[in-house]
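Read through the structure below, which is laid out as structure tokens, and then see the notes.
Bear in mind that the values here come from a model prediction, so they are computed numbers and not experimental data.
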Protein chains: 2
Amino acid sequence: MDDRDARILKAIATLGTGSPEDISEYTGIPKSTVHYRIKNLKEDGILINDLLDVDAQKLGLEITLVTQVVAEYNEAYHVEVGEKLAAIEGVNQVYFTMGENDFVVISNLTDRDMVSRLVTDFEKIDEVVRTSSQFVIETIKDEPNLLNDFELETVTEFTPKVE
Amino acid sequence: MDDRDARILKAIATLGTGSPEDISEYTGIPKSTVHYRIKNLKEDGILINDLLDVDAQKLGLEITLVTQVVAEYNEAYHVEVGEKLAAIEGVNQVYFTMGENDFVVISNLTDRDMVSRLVTDFEKIDEVVRTSSQFVIETIKDEPNLLNDFELETVTEFTPKVE
DNA sequence: ATTGAAACTTGATCGTT
DNA sequence: AACGATCAAGTTTCAAT
């Protein structure tokens, strides 16, 4: 796992494709080399499946943090605040929730230093009033496997009976 | 969006591949038809990129819920409780967190009925003591874009100078 | 909208450096 | 490990239904 691998992984995330051709063009690395690297990344378990999902733990991002961020309510700027949160290094998901003008933020981090930096960054945002974080001990499910129990709604149509 | 599309989407999620060949084999739908369907799903914005990420909202899963679940502490069974949570219809992510023996659960749901069913299901689990849910008004970031700000640690090596 | 078969693109392999 | 040339494989297209 070196700089070249990182560039390839970034290309995959940025381009939204796993095509060696496209990645090659984007990174300037020859496609046969891209292919060779991706093969290794799969063998190492960093890239998980054909859809090239990334294993955060294998990348050394072992700390997952769930943070509740309370911010001053400001109708116009709540998205902007959300975007500031989203831009912070390590942040993966940002939800703006009902009720208490809260954000729920989920982050993947490498070490304790990154954790404290993260919280500091949260509190640097002017509108942020309070943060409260919980470490994740174990991730039991972390796939947006939206279709696990997805069933099409059965729409029963009634034909009006005209007698 | 009909039953066939649903089967194809499930196949993608299950197999972890977008290959028309593999999906065809798994579903029994001819590969040219699989290709035709996937093309339409992309045009409709349900499948987002070449990595075939799914847009939950386009699927009608417009309600995202963040739930904190407090459960009785039981060293042996906390994973089992987590797995029960993960198995509930609509649940996408389950984190077991530090401190209060909490789970944080994130779900994608279609309607209010599904919400109340979900909460009922949570409380049917014996060990569950209390749940508290927050509706997500807006999802500002929801991609495990782990590499956004990922930089390789620069390990500076010092060669001991022998004089 | 579906599908079998043809056409073609490109991902994967191989041999050399 | 890197990479250009080559080939096999699988995707995409197309025409008929």
Could you check Tyr73(A) against His78(A) for ring pair (Phe, Tyr, Trp, His ring centres under 6.0 Å), going step by step and ending with a plain yes or no? CA-CA 7 Å; Tyr73(A) 183 65; His78(A) 78 267; 7.0 Å; no
For Ile140(B) and Glu83(A), what are the C-alpha separation, side-chain angles and deciding distance, and is it a side-chain contact (heavy atoms from CB on, under 4.5 Å)? CA-CA 7 Å; Ile140(B) 290 143; Glu83(A) 279 165 5; 4.1 Å; yes
Can you list the steps and then say if Asp55(A) with Lys42(A) is a salt bridge (charged side-chain N to carboxylate O under 4.0 Å, His left out)? CA-CA 10 Å; Asp55(A) 185 328; Lys42(A) 280 185 185 168; over 6 Å; no
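Between the CG atom of Asp44(A) and the C1' atom of dA1(D) there is a distance of 14 Å, given to the nearest Å. Atom CD1 of Ile29(A) and atom C1' of dA2(D) are 11 Å apart (whole Å). Protein atom NZ of Lys39(B) is 15 Å distant from nucleotide atom P of dT3(C), rounded to whole Å. A straight line from CG of Leu41(A) to P of dA12(C) spans 14 Å, rounded to a whole angstrom. Distance CG (Asn40(B)) to P (dT13(D)): 12 Å, rounded to an integer number of Å. Between the CG atom of Asp50(A) and the P atom of dG11(C) there is a distance of 13 Å, rounded to whole Å.
Put simply, the side chain of Arg130(B) never gets that close to the backbone of Ala71(B): no donor and acceptor are under 3.5 Å apart. Side chain of Ser24(B) to backbone of Ile29(B): a donor-acceptor contact under 3.5 angstrom is found. Between the side chain of Asp113(A) and the main chain of Ser116(A), no donor-acceptor pair closer than 3.5 Å is present.
Using a 4.0 Å cut-off, some side-chain N or O of Tyr36(B) falls inside it from OP1 or OP2 of dA1(C). Contact annotation: Arg4(A) reaches the phosphate of dA2(D) (side-chain N/O to OP1 or OP2, under 4.0 Å). One finds no side-chain N or O of Arg37(A) lying less than 4.0 angstrom from the OP1 or OP2 phosphate oxygen of dA1(D).
With axes fitted over five pairs at each extremity, the angle between the ends of the helix from dA1(C)-dT17(D) to dT17(C)-dA1(D) is 30° (10° resolution).
Glu123(B) and Thr131(B) form a side-chain donor-acceptor contact under 3.5 Å, judged by distance and modelled atom types alone. Glu62(A) and Thr110(A) are not linked by any side-chain donor-acceptor pair at a separation below 3.5 angstrom, with hydrogens and angles left out of the test. Side-chain contact, Asn108(A) with Thr64(A): a donor N or O sits under 3.5 Å from an acceptor N or O.
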Taking N or O atoms only and anything under 3.5 Å, show me the protein contacts with nucleotides 9-12 of chain D, one pair per line.
from, atom 1, to, atom 2, distance (Å)
dG10(D), OP2, Glu21(B), OE2, 3.3
dT11(D), OP1, Ser19(B), OG, 2.9
dT11(D), OP2, Glu21(B), N, 3.4
dT12(D), OP2, His35(B), NE2, 3.3
dT12(D), O5', His35(B), NE2, 3.2

